[in-house]
Every structure is written in structure tokens, then in C-alpha cells.
Number of protein chains: 2
Amino acid sequence: MVDIRNTRQRRAVSAVLDELEGFASAQQIHGVLGQRGEKVGLSTVYRNLQALVDAEQVDALRGNDGEVLYRRCEAGEHHHHLVCRSCGRAVEVAGPAVESWATKVATENGFTDVEHTLEIFGTCADCSAST
Amino acid sequence: MVDIRNTRQRRAVSAVLDELEGFASAQQIHGVLGQRGEKVGLSTVYRNLQALVDAEQVDALRGNDGEVLYRRCEAGEHHHHLVCRSCGRAVEVAGPAVESWATKVATENGFTDVEHTLEIFGTCADCSAST
DNA sequence: AAGAACCATGAGAACGATTGTCAAGACGAG
DNA sequence: CTCGTCTTGACAATCGTTCTCATGGTTCTT
């Protein structure tokens, strides 16, 4: 009974995610792999990232241009991100008040199966310094 | 000095937005126009929607699948939406507490030029009834 | 009303991110 | 080592959206 195999490519993608500070797109990750000589197909990068998201080991969010960005997160629970628009660096933030507010508003209006997305974008100190 | 012209297509797109209750994609709007005999090119629909968004007469948000959805909104000020995943119907909601929380968190972490996105998705009463 | 100036349109090509296809390759259990 | 099966990779395909550019429609001026 084999289920999830431990392949070179899977390890490589995972390794890149461990080293990255912030969110990165699939294509960026593919690029990094290429630069360090790890040959991994683009489809494989997408597949593995998707698998990691499904396994809840990686967080994904959609940037303003519609690209999906990935990042390994510390917190296992529900949380949001404060993301640097320029370098992608991110801080994990929790906002219990927001969560309860969102569900309250939703139920008050008769909505069920409530979900929400919340991301904060800005320019981090380092990036605004290096202008 | 001509600037923004009043064309049949522009009026048609605007009219559809007025009648729609909820968020709709550019392609859906193009479809509606087609059904009612208004021949408008898809590019034109995109262009006019974009113009309306720039003019802040229409709100846009990105659905989970990455599609951009449009809707004419009442409130001129900053607000968020409670959107039905199934029919697109939306309620405009304001969350002053969330706004201030977001900026506080951001500045505490040294971020500037702060923006945020927040959308609440759920299934509205009507849609959950008709299952 | 007529002409000029120029913005807007539409058909289709182009694009960029992502997903699907499928034969060939790699992994792990036995 | 062998076999069954999970993975991979090269490339085609998809999907939403944007671009291009020749043609048509609007508005301003006279």
C-alpha cells in the first residue's frame, strides 16, 4: 500500500517553501528550483503545491493580479496575513474579533456555510526604506 | 473636447448592472446582453466594466475561482460584501472595527500604504432553501 | 447640417496562469 | 530484484482577460 511517495521533486518544492520568507507564486518557485539546478517540471510544481495546500501544510492566497501565492505557515489554525506588496514577506495575524463579526453579520442576514477571506497588503519597512 | 462618450453599448452594460441583484462576471453580463438581443462585443464589455470600476461606480471582487465579479453598489464609501456563493446576491456591510484593526496591525508591524480585502461568502436563505 | 477630430467598438489574435494528457520513469513493498 | 502503482515532464489545451487595429459612431465646431 503505497500512498504518498517521497520523491526528489516533492522534497525540492518543500525545501524552497521552507526557505522562503514570504509568499511566492508557483512560477517563482519553479524559477528558484531552476536556478539551483533542480530540474522540476512546472506541472509538478503546481501539483505539489496544490497537494500541500490540500494537506493544509501551505497557505495560498490570490494576489491583486490574480496569481496564486503560496507560503508555508506556522500556525495550524485559521489566521490571516499581512503581506508586503513588494517582496511578499508576510506576518501571520489573528483577529478573533473579525471572525466573530463576520459570522454574526452573515447569520443575521440568513446566510449559512459562511467563509471569509481577509488579507492586508502594504509595504514593509525594508521595502519602503529601499526606495 | 470630447472625453467619455455615451454609446449604446455603454448604456447597455450599465443597464444590466442596474438590474442585477448580485455580483456577476464579465462573461455572464455579456451573455445577458446577447440574450436580450443587444449585440455588444466581449472586449467592449470588459472595457466598460473596467471603466466603471475606475470611476468607482461599480465594485469588483475576485471569486474563489479567480474570476472577477462586478456589481453596482449603493454606498460610495469603503465597504465589504456578504456574497452568496450560489446566486451572487450580495449585501453591503460595513465593519468600522475591522478597518481600524487592520490598520493598527499593519502599522504595528511597520507596514505602510495599507490596503485590505475582506469578503464574506456563504449561501443565502433562498439558495439554501431551494436545494 | 456638414466636416473634422478622435473616442469607441468588434473580431480575432495574443497572453499568462493554470490544468489536463499520457507515455515513460521512479519508488517502495514484498 | 520485481512488480504494481504513484509521479513525473513535455506539451497541448483551457480559461479569463487584454491587446491590436481597421472601421464606425459621437460630439464639437462652424
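Note that the coordinates shown come from a computational prediction; the quantities given were computed from them, not determined experimentally. Naming: A, B, ... by sequence-line order, numbering from 1 per chain.
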Inset, instruction - Classify the side-chain pair Tyr70(A)/Gln28(A) by whether it contains a donor and acceptor separated by less than 3.5 Å. - result: no
Legend entry - Nearest-Å distance for atom pair NE2/P, residues His30(A) and dG16(C): 16 Å
Legend entry - Nearest-nucleotide 5' precedence on DNA chain D, Val45(A) against Gln50(B): Val45(A)
Inset, instruction - For Arg62(A) and Arg62(B), work out which heavy atoms get closest and say how close. - result: CD-CD, 3.1 Å
Inset, instruction - Supply the atom-to-atom distance Leu52(A) CG to Arg10(A) CZ, rounded to the nearest 0.5 angstrom. - result: 8.0 Å
Legend entry - Length of the CG-P vector between Asp54(B) and dT18(D), whole Å: 11 Å
With the criterion being N/O to N/O and under 3.5 Å, what pairs connect the protein with nucleotides 23-26 of chain C, and how long is each?
none

Legend entry - Phosphate contact (dT9(C) OP1 or OP2) by Asn48(B) side-chain N/O below 4.0 Å: yes
Legend entry - Ile4(A) CD1 to dT8(D) C1', straight-line distance once rounded to whole Å: 16 Å
Inset, instruction - Please determine if Glu92(A) and Arg71(A) form a salt bridge, counting it only when a charged side-chain N lies under 4.0 Å from a carboxylate O. - result: yes
Inset, instruction - Verify whether the ring centers belonging to His81(B) and Phe23(B) lie closer than 6.0 Å. - result: yes
Inset, instruction - Figure out the CD/C1' separation between Glu38(B) and dG10(C), and round it to whole Å. - result: 15 Å
Inset, instruction - Figure out the CG/C1' separation between Asp65(B) and dT17(D), and round it to whole Å. - result: 13 Å
Legend entry - Check: dG9(D) base within 3.5 Å donor-acceptor of Arg47(A) side chain: yes
Legend entry - Between P of dG16(D) and CD of Glu67(A), the distance in whole Å: 18 Å
Legend entry - Atom-pair distance (CG on Asn6(A); P on dC27(C)), nearest Å: 9 Å
Legend entry - Proximity of His116(A) and His80(A) rings by center, below 6.0 Å: yes
Inset, instruction - Consider only side-chain N and O atoms of Ser14(A) and Arg72(A), and report whether a donor and an acceptor are under 3.5 Å apart. - result: yes
Inset, instruction - Return no unless some side-chain N or O of Arg10(A) is found under 4.0 Å from OP1 or OP2 of dT7(D). - result: yes
Inset, instruction - Figure out the CG/C1' separation between Leu69(A) and dT18(C), and round it to whole Å. - result: 14 Å
Legend entry - Nearest to side-chain heavy atoms of Ala26(A), which nucleotide of dT18(C), dT27(D), dT9(C): dT18(C)
Legend entry - Closest to side chain of Gln9(A), choosing from dG16(D), dT18(C), dT8(D): dT8(D)
Inset, instruction - Test for a donor-acceptor pair under 3.5 Å between the base of dA10(D) and the side chain of Ser43(A), counting only N and O atoms. - result: yes
Inset, instruction - Respond yes when some side-chain nitrogen or oxygen of Tyr46(B) is under 4.0 Å from OP1 or OP2 of dT17(D), and no when none is. - result: yes
